[in-house]
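Okay, so here's the structure we're looking at.
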Amino acid sequence: MKYLNKYTVVVIFSLIIVSMLFFTIYTPIEENCNKKIGFFSPNYLDSFVSQVNFSMINLYPVHDKKKGSLRINLDSVKKIFDYVGNYNHRVHLNLGSVITDLKEPEAMNTYYENDQGTKLTKVFNIASSHKIRKIVSHEEIELRLSGLPEMLKIYYGKVGTIFIADEPFLNGISNNEINRAVRTIRKFFKKNGVDGLKFGTIFAAGLFDSDFATHINRQMMKYVENIDKYYKEHKSLLSQTGIKAQGFKKWIDIMNNSRLTTYDSANNFYTEGGIPTELDVVSFDSYLSTMLFDRIHEHTLHYFSVSLGCESCRQFENITLSELRKKLSFIQDGPMNLKKDNYENDKALLDAIFECRMAGNRILLERALQALPKQPRLMLIGESSANGVLEFDSEGRIEPEQPWPLVEKCILDEVKRSYQYYIESCGWFNEGLMYFLYPDSLDVSINQFIRGAEGAKSVTSFIYSHVNMKEKPLAQPHNAL
């Protein structure tokens, strides 16, 4: 048998390469992806339901005067499913506000540890506006969800995933409590003729990893330590008058009445990690706005590089988010410079931050999934709001005047980042891509109008044009709920 000569080998190898390129070009990744795209719209549904595959909405309790207890608002649930009845659309239901209560302040930790490991008592008492929650008892869950299984049975074909709580670990709900809630609700539904529904939750970033959760708790406690140190260094001003004293007293008022919930969450959220085994659907959010402006993530990109060995984050080693913010043209004092070079530089940095934070969180998720006896389905969360790309001053305060065309362009960039990542990983994120959020809204905490996808025409056009709709909508959109 004769050996192939060098010329023949080169020709064959070249043909293989050309064939591979041809296959890649003419078989786009998108065509091989069973895309499912939707919106989180916290409080109402709108005409967007005719354009996307699914939505997620929060459900809320009402007070039952006859029985003196909280019940799920069944009228609202009926309106939701009646609204989507003529569309090829499913609705995910978030039960968090129905089956949880705020934890009593007396049951919460009021101490933290400094960098030396010394336990210190927080200066400020637990605020009534804290975010730490608890899941109610078995009996109370069934009481509050009374009538829901019968309604879901009627609209079964439109029901998506039942979400137990949003960001449960960050809000103090443990792994075991999530499992208990799922078992209770699943049993209650089955007893009332509803079976086969999926249950899920959305975690705040990678808090399902205990090491990362511990790192975030340290950042929170450092935040508390800095606030308490400032108070102790200036408390003598409480007995004084003058401009400096007035400023300090105003700060005290803010701390007592409208401070960030981070202060109370420190040393009170769940840090033991793990993904609850009862869940069928798992997701995590890692928003640009959170990464840029929440101080607990000051060292997160560095952590991903050093602690996880994440190659996508090497460029951020020993670099804080404070340092990165100074490089972004839309986070500066004075008028914003709208030069194209500034936009391109911003985009390049935000591209790199996206790649890093998604790669780091994915490593954490893959590690957590390895410990499970069965694998849940995964959903990707993308950001479609202006929260992270508005114009800010150097202290992170939103400027009163906004360059809305540029803001919308930056929203679209972030939407495209999530979409491209989803397409490249859709076999992994087999439960779809959900954008947060749809509606324009007024954030009362900062008295600022925030633009969602609803107010950004180019954003909705992009999302709608990339959705696979197997069926045409059967009716024209009608008024929102």
Side-chain angles (χ1 to χ4, degrees), residues 100-135 165-178 203-238 248-274 284-286 290-304 306-307 320-322 364 395-396 445:
T100 67
D101 288 337
L102 281 177
K103 199 169 186 179
E104 299 84 358
E106 56 270 20
M108 294 171 59
N109 289 329
T110 57
Y111 70 88
Y112 63 98
E113 293 182 5
N114 63 16
D115 290 339
Q116 290 71 45
T118 304
K119 284 189 177 182
L120 300 169
T121 301
K122 295 179 182 179
V123 166
F124 296 95
N125 294 327
I126 301 293
S128 59
S129 58
H130 73 79
K131 292 177 62 176
I132 303 300
R133 305 190 71 86
K134 63 178 182 179
I135 295 177
D166 189 36
E167 301 183 335
F169 289 178
L170 183 61
N171 293 323
I173 299 172
S174 72
N175 190 317
N176 289 338
E177 281 294 276
I178 297 171
F203 293 96
L207 293 187
F208 35 72
D209 182 271
S210 59
D211 291 340
F212 180 65
T214 299
H215 163 76
I216 292 297
N217 193 38
R218 288 197 198 100
Q219 301 306 304
M220 285 190 176
M221 291 192 293
K222 185 67 177 177
Y223 172 77
V224 173
E225 183 180 2
N226 289 338
I227 286 176
D228 286 4
K229 182 180 179 181
Y230 179 82
Y231 172 84
K232 292 171 183 176
E233 289 176 349
H234 295 83
K235 63 180 180 180
S236 61
L237 291 171
L238 292 173
F248 181 67
K249 291 172 184 177
K250 185 177 180 180
W251 177 80
I252 293 288
D253 183 64
I254 291 172
M255 287 302 301
N256 282 324
N257 298 296
S258 56
R259 66 174 179 251
L260 293 176
T261 56
T262 303
Y263 188 90
D264 298 310
S265 295
N267 221 26
N268 276 301
F269 77 94
Y270 183 74
T271 59
E272 295 180 29
F284 66 88
D285 55 48
S286 182
T290 304
M291 189 62 64
L292 287 180
F293 297 106
D294 194 329
R295 296 180 188 181
I296 66 175
H297 288 294
E298 179 75 355
H299 304 284
T300 291
L301 303 185
H302 168 80
Y303 177 92
F304 286 164
V306 174
S307 298
T320 66
L321 264 297
S322 294
L364 297 177
E395 297 298 318
S445 66

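These values consider heavy atoms only, across backbone and side chains, with no hydrogens, waters or symmetry-generated copies. By convention here, the first residue in the shown sequence is residue 1.
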- Test S174 against E272 for side-chain hydrogen bond (donor to acceptor under 3.5 Å, both in side chains), laying out the working first. CA-CA 8 Å; S174 72; E272 295 180 29; over 6 Å; no

Does [X] reach the side chain of [Y], with side-chain heavy atoms less than 4.5 Å apart?
{"X": "T261", "Y": "H130", "result": "no"}
{"X": "T110", "Y": "N125", "result": "no"}
{"X": "F269", "Y": "L207", "result": "yes"}
{"X": "Y303", "Y": "D211", "result": "yes"}
{"X": "K249", "Y": "L237", "result": "no"}
{"X": "M255", "Y": "Y263", "result": "yes"}
{"X": "V224", "Y": "M220", "result": "no"}
{"X": "Y112", "Y": "T121", "result": "no"}

- Test the K122-Y111 pair against the cation-pi criterion, namely NZ or CZ under 6.0 angstrom from the six-membered ring centroid and within 45° of the ring axis.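 Here K122 fails the 6.0 Å and 45° test against Y111.
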
- Query: With sequence neighbours left out, what residues match F208 under ring-ring contact (aromatic ring centres under 6.0 Å, His included)?
  - Reply: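 ring-ring contact (aromatic ring centres under 6.0 Å, His included) check on F208 returns F203.
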
- Can you name the residues that form a ring-ring contact (aromatic ring centres under 6.0 Å, His included) with Y231, not counting sequence neighbours?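 ring-ring contact (aromatic ring centres under 6.0 Å, His included) check on Y231 returns F124.
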
List in chain and number order the residues that pass side chain to side chain contact (heavy atoms under 4.5 Å, CB included) with [X], two or more places apart in sequence or in another chain; answer none if no residue qualifies.
{"X": "N114", "answer": "Q116, T118, L120, E225"}
{"X": "Q219", "answer": "H215, I296, H299"}
{"X": "Y230", "answer": "H234, F248, W251"}
{"X": "A165", "answer": "P168, I173"}

How would you list, by chain and number, every residue that makes a side chain to side chain donor-acceptor pair (under 3.5 Å) with [X], sequence neighbours excluded?
{"X": "S286", "value": "N361"}
{"X": "Y223", "value": "none"}
{"X": "N257", "value": "D253"}
{"X": "N268", "value": "none"}

From [X] atom [atom1] to [Y] atom [atom2], the distance as rounded to the nearest 0.5 Å:
{"X": "I227", "Y": "K229", "atom1": "CD1", "atom2": "NZ", "result": "13.5 Å"}
{"X": "N171", "Y": "D166", "atom1": "CG", "atom2": "CG", "result": "7.5 Å"}
{"X": "L102", "Y": "S129", "atom1": "CG", "atom2": "OG", "result": "9.0 Å"}
{"X": "M221", "Y": "D228", "atom1": "CE", "atom2": "CG", "result": "12.5 Å"}
{"X": "L170", "Y": "E167", "atom1": "CG", "atom2": "CD", "result": "5.5 Å"}
{"X": "E298", "Y": "L321", "atom1": "CD", "atom2": "CG", "result": "6.0 Å"}

- Message: Tell me the closest heavy-atom pair linking S265 and I132, and the distance in Å.
- Response: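 Closest heavy-atom pair between S265 and I132: OG-CD1, 4.0 Å.
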
- Message: Quick check against the 3.5 Å criterion: does D209 have a side-chain atom that pairs as donor or acceptor with the backbone of L364?
- Response: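 It does not hold such a pair.
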
- Task: Could you check T271 against I216 for side-chain contact (heavy atoms from CB on, under 4.5 Å), going step by step and ending with a plain yes or no?
- Result: CA-CA 9 Å; T271 59; I216 292 297; over 6 Å; no

- Query: What pairs of residues pass the salt bridge (Lys or Arg N to Asp or Glu O under 4.0 Å) test when at least one of them lies in residues 104-113, not counting sequence neighbours?
  - Reply: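 For residues 104-113, and leaving out neighbouring residues, the salt bridge (Lys or Arg N to Asp or Glu O under 4.0 Å) pairs sorted by first residue read E104-K134.
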
- Message: Enumerate the salt bridge (Lys or Arg N to Asp or Glu O under 4.0 Å) contacts for residues 256-268, please, sequence neighbours excluded, ordered by first and then second residue.
- Response: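 Applying salt bridge (Lys or Arg N to Asp or Glu O under 4.0 Å) to every pair that reaches into residues 256-268, excluding sequence neighbours, yields R259-D264.
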
- Query: Around atom NZ of K235, are there more than 12 heavy atoms of other residues, nucleotides or ligands at under 6.0 Å?
  - Reply: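 Counting other residues, nucleotides and ligands, NZ of K235 stays at 12 neighbours or fewer.
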
- Message: Using the rule ring-ring contact (aromatic ring centres under 6.0 Å, His included), only one of F284, F212, Y270 pairs with F169; which is it?
- Response: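 The single option meeting the ring-ring contact (aromatic ring centres under 6.0 Å, His included) with F169 is Y270.
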
